[in-house]
S.K.: 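The following block contains the structure, expressed as structure tokens.
Keep in mind that what you see is a predicted model, and the values were worked out from it rather than measured.
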Amino acid sequence: MSSARSSEPVSPPAVRVREGYDRWAEVYDIDGNPLIALEAPEVQRMLGEVRGLDVADVGAGTGRHSIRLVAAGANVVALDLSEGMISAARAKPGIERVRYVIADCGATLPLRDRSFDRVLTCLLADHVASLDLFFAELRRICRRGGFIVLSTVHPAMHLRGVRARFTDPASGQKIYPVSYEFAISDYVMAARRAGLTFDEICERAFDEAQAAKLPRAAQYAGWPMLLAMRLSPK
């Protein structure tokens, strides 16, 4: 089984994932998260051309990827657990072309077997308790000849004490949705057990010039911040 250690920030305490993201939704798109700036171009590159393809966006949040994908001609089904994040997405132009489904993305997904050409899951994997189930479900819904793109916070960031977090606009407190400390080997072995092969795996960091443009990134210049991978069913 995959190893997982639940993050235990001392102050403030971690909150349930759904509650955390419901509260984060108000500021998610504007709080200057440097990981998103690093991640977005990598995900777009890995996905490539999507026109006419069926895409599942698992853990779609405020729709930052889904909206771009439907604009590029994809048929998108977006899943998320947080009604707050979905509400934020539904306020955006273009989202009416995305079919949103409320679902626990760390459990069995309410989607048919082999029904998507591309399966996308971004900045979600560190919030699921079982990587074995997670990767198995991603593989189940992916068609043969299709592939999966996954991004997550780099495990090296845990060595810096960094986990998914935000400042609650109501209280001013830092809030930590429950997350798990997975090693790269945990992702690799769970993917292999699920019957997936690696097309690509990459690690990305900000250089000094990039970090200077993003205040929250400066302290992490040169430190691996993003882990991304593209996987195909065997």
S.K.: Output, in order, the C-alpha distance, side-chain angles, deciding distance and verdict of side chain to side chain contact (heavy atoms under 4.5 Å, CB included) for V15 and R23.
M.R.: CA-CA 10 Å; V15 300; R23 293 165 69 177; 4.2 Å; yes

S.K.: Is any side-chain heavy atom of M229 closer than 4.5 Å to one of E200?
M.R.: no

S.K.: Is it true that E137 and R140 make a salt bridge, defined as a side-chain N closer than 4.0 Å to a carboxylate O?
M.R.: yes

S.K.: Walk me through whether V55 and N75 qualify under side chain to side chain contact (heavy atoms under 4.5 Å, CB included).
M.R.: CA-CA 6 Å; V55 180; N75 307 306; over 6 Å; no

S.K.: Transitively linked via ILVMFWY side-chain contacts under 4.5 Å: M46 with L120?
M.R.: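 As far as the 4.5 Å side-chain criterion goes, L120 and M46 are connected within one cluster.
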
S.K.: Would you say M85 ends up clustered with V98 if hydrophobic residues are merged whenever their side chains have heavy atoms under 4.5 Å apart, either directly or through other cluster members?
M.R.: no

S.K.: Run the numbers on F182 and Y187 for side chain to side chain contact (heavy atoms under 4.5 Å, CB included), then give the verdict.
M.R.: CA-CA 7 Å; F182 295 117; Y187 290 108; 3.7 Å; yes

S.K.: Can you give me the closest heavy-atom contact between L133 and G106, atom names plus distance?
M.R.: CD2-O, 3.5 Å

S.K.: Just checking, any donor-acceptor pair under 3.5 angstrom between side chains of W24 and D31?
M.R.: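 There is such a pair (donor and acceptor under 3.5 Å, judged by atom type) between the side chains of W24 and D31.
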
S.K.: Ignoring hydrogens and geometry, is there a side-chain-to-backbone donor-acceptor pair from E96 to G94 under 3.5 Å?
M.R.: yes

S.K.: With a 4.5 Å cut-off on side-chain heavy-atom distances among I, L, V, M, F, W and Y, is there a chain of contacts connecting L150 to V17?
M.R.: yes

S.K.: When rounded to the nearest 0.5 angstrom, what is the spacing between SG in C202 and CZ in R230?
M.R.: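 Output value for this atom pair is 11.5 Å.
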
S.K.: Got more than 12 heavy atoms from elsewhere within 6.0 Å of CZ, R192?
M.R.: no

S.K.: Which atom names give the shortest non-hydrogen contact between Y100 and T62, and what distance separates them?
M.R.: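 Closest approach of Y100 to T62, heavy atoms only: OH-C, 3.8 Å.
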
S.K.: Provide the closest heavy-atom pair for P224 versus A156 in the form atom of the first, atom of the second, distance.
M.R.: O-CB, 4.0 Å

S.K.: Answer yes if L124 and L69 sit in the same cluster of Ile, Leu, Val, Met, Phe, Trp and Tyr residues linked by side chain heavy atoms under 4.5 Å apart, and no otherwise.
M.R.: no

S.K.: Just verifying a value: how many Å separate R143 CZ and S115 OG, rounded to the nearest 0.5 Å?
M.R.: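 The CZ atom of R143 sits 6.5 Å away from the OG atom of S115.
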
S.K.: Under the 3.5 angstrom rule, does the side chain of S179 hit a backbone N or O of A164 as a donor-acceptor pair?
M.R.: no

S.K.: Give a yes or no on whether the backbone of D207 and the side-chain of Q210 come within a donor-acceptor separation of less than 3.5 Å.
M.R.: yes

S.K.: I'd like to know if the side chain of R97 reaches the main chain of V70, judged simply by a donor and an acceptor atom lying under 3.5 Å from each other, with no hydrogens or angles considered.
M.R.: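 Yes, because the side chain of R97 sits within donor-acceptor range (under 3.5 Å) of the backbone of V70.
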
S.K.: How many angstroms lie between atom CZ of R118 and atom CG of D57, to the nearest 0.5 angstrom?
M.R.: 14.0 Å

S.K.: Output yes when a side-chain donor or acceptor of T197 lies under 3.5 Å from a complementary backbone atom of S232, and no otherwise.
M.R.: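 Yes, because the side chain of T197 sits within donor-acceptor range (under 3.5 Å) of the backbone of S232.
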
S.K.: If you round to the nearest 0.5 Å, how far is CD1 of I141 from CG of L109?
M.R.: 5.5 Å

S.K.: May I ask you to check whether Y28 and F166 place their ring centres under 6.0 Å from each other?
M.R.: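 No, the ring of F166 stays outside the 6.0 Å limit from the ring of Y28, centre to centre.
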
S.K.: If you look at every heavy atom in G20 and P177, which pair is closest and at what distance?
M.R.: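 Looking at all heavy atoms of both residues, the shortest contact is CA-CG, 4.1 Å.
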
S.K.: Is a side-chain N or O of R139 found less than 3.5 angstrom from the main chain of G195, in a donor-acceptor match?
M.R.: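 Yes; judged by distance alone, with no hydrogens or angles, the pair exists.
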
S.K.: In sequence, state the C-alpha distance, the side-chain angles, and the governing distance for C122 and V43, and then conclude on side chain to side chain contact (heavy atoms under 4.5 Å, CB included).
M.R.: CA-CA 8 Å; C122 294; V43 168; 3.8 Å; yes

S.K.: Just to verify, which of M225, R64, R204 counts as forming a side chain to side chain contact (heavy atoms under 4.5 Å, CB included) with E39?
M.R.: R64

S.K.: For residues F116 and V77, determine if any side-chain heavy atom of one lies less than 4.5 Å from a side-chain heavy atom of the other.
M.R.: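 Yes. Closest side-chain heavy atoms under 4.5 Å.
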
S.K.: Is R114 reaching over with its side chain to a backbone N or O of C142, donor-acceptor style, under 3.5 angstrom?
M.R.: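 Judged by distance alone, no pair lies under 3.5 Å.
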
S.K.: Are side-chain heavy atoms of V149 and V119 found at a separation under 4.5 Å?
M.R.: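 No, too far: nothing below the 4.5 Å cut-off.
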
S.K.: Under a 4.5 Å cut-off applied to non-hydrogen side-chain atoms, are R193 and F135 in contact?
M.R.: no

S.K.: With a 3.5 Å distance limit and no angle check, can you tell me whether K234 reaches the backbone of A194 through a side-chain donor-acceptor pair?
M.R.: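 Looks like no, no N/O pair under 3.5 Å.
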
S.K.: Flag yes if M157 and V188 sit in one hydrophobic cluster, no otherwise; membership is Ile, Leu, Val, Met, Phe, Trp, Tyr, and two members link when side-chain heavy atoms are under 4.5 Å apart.
M.R.: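 Hydrophobic grouping puts M157 with V188.
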
S.K.: Compare all side-chain heavy atoms of I67 with those of K92 and state whether any distance is below 4.5 angstrom.
M.R.: yes

S.K.: Do V101 and P110 touch side chain to side chain, with heavy atoms closer than 4.5 Å?
M.R.: yes

S.K.: I need the L226 CG to L38 CG distance, nearest 0.5 Å.
M.R.: 5.0 Å

S.K.: Charged N to carboxylate O below 4.0 Å: is that the case for D126 and R163?
M.R.: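 No, no charged N to carboxylate O under 4.0 Å.
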
S.K.: With the threshold set at 4.0 Å, does a side-chain nitrogen-carboxylate oxygen contact exist between E208 and K213?
M.R.: no

S.K.: A side-chain contact here means heavy atoms from C-beta on lying under 4.5 Å apart; do D199 and F147 qualify?
M.R.: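 Side-chain contact under 4.5 Å: yes.
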
S.K.: Start with the C-alpha distance between R45 and E42, add both sets of side-chain angles, then the distance that settles salt bridge (charged side-chain N to carboxylate O under 4.0 Å, His left out), and finish with yes or no.
M.R.: CA-CA 5 Å; R45 177 187 64 79; E42 288 296 332; 2.8 Å; yes

S.K.: Check for a donor-acceptor pair, side chain of D168 on one end and backbone N or O of I175 on the other, with a separation under 3.5 Å.
M.R.: no

S.K.: Please answer whether the main-chain N or O of G61 pairs with a side-chain N or O of D80 as donor and acceptor at a distance below 3.5 Å.
M.R.: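 Present.
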
S.K.: Do other residues, nucleotides or ligands put more than 12 heavy atoms under 6.0 Å from R216 CZ?
M.R.: yes

S.K.: With a 4.5 Å limit on heavy-atom distance, are the side chains of F134 and T121 in contact?
M.R.: yes

S.K.: Taking all heavy atoms of G222 and all of A205, pick out the closest pair and write down the distance.
M.R.: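 Nearest heavy atoms, G222 then A205: C-CB, 3.9 Å.
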
S.K.: What distance do D132 atom CG and M189 atom CE have between them, rounded to the nearest 0.5 Å?
M.R.: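 Going from the CG atom of D132 to the CE atom of M189 covers 10.0 Å.
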
S.K.: Looking at A221 and A211, what are the two nearest heavy atoms and their distance?
M.R.: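 The answer is CB-CB, 3.9 Å.
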
S.K.: Between Y21 and H127, is the ring centre distance below 6.0 Å?
M.R.: yes

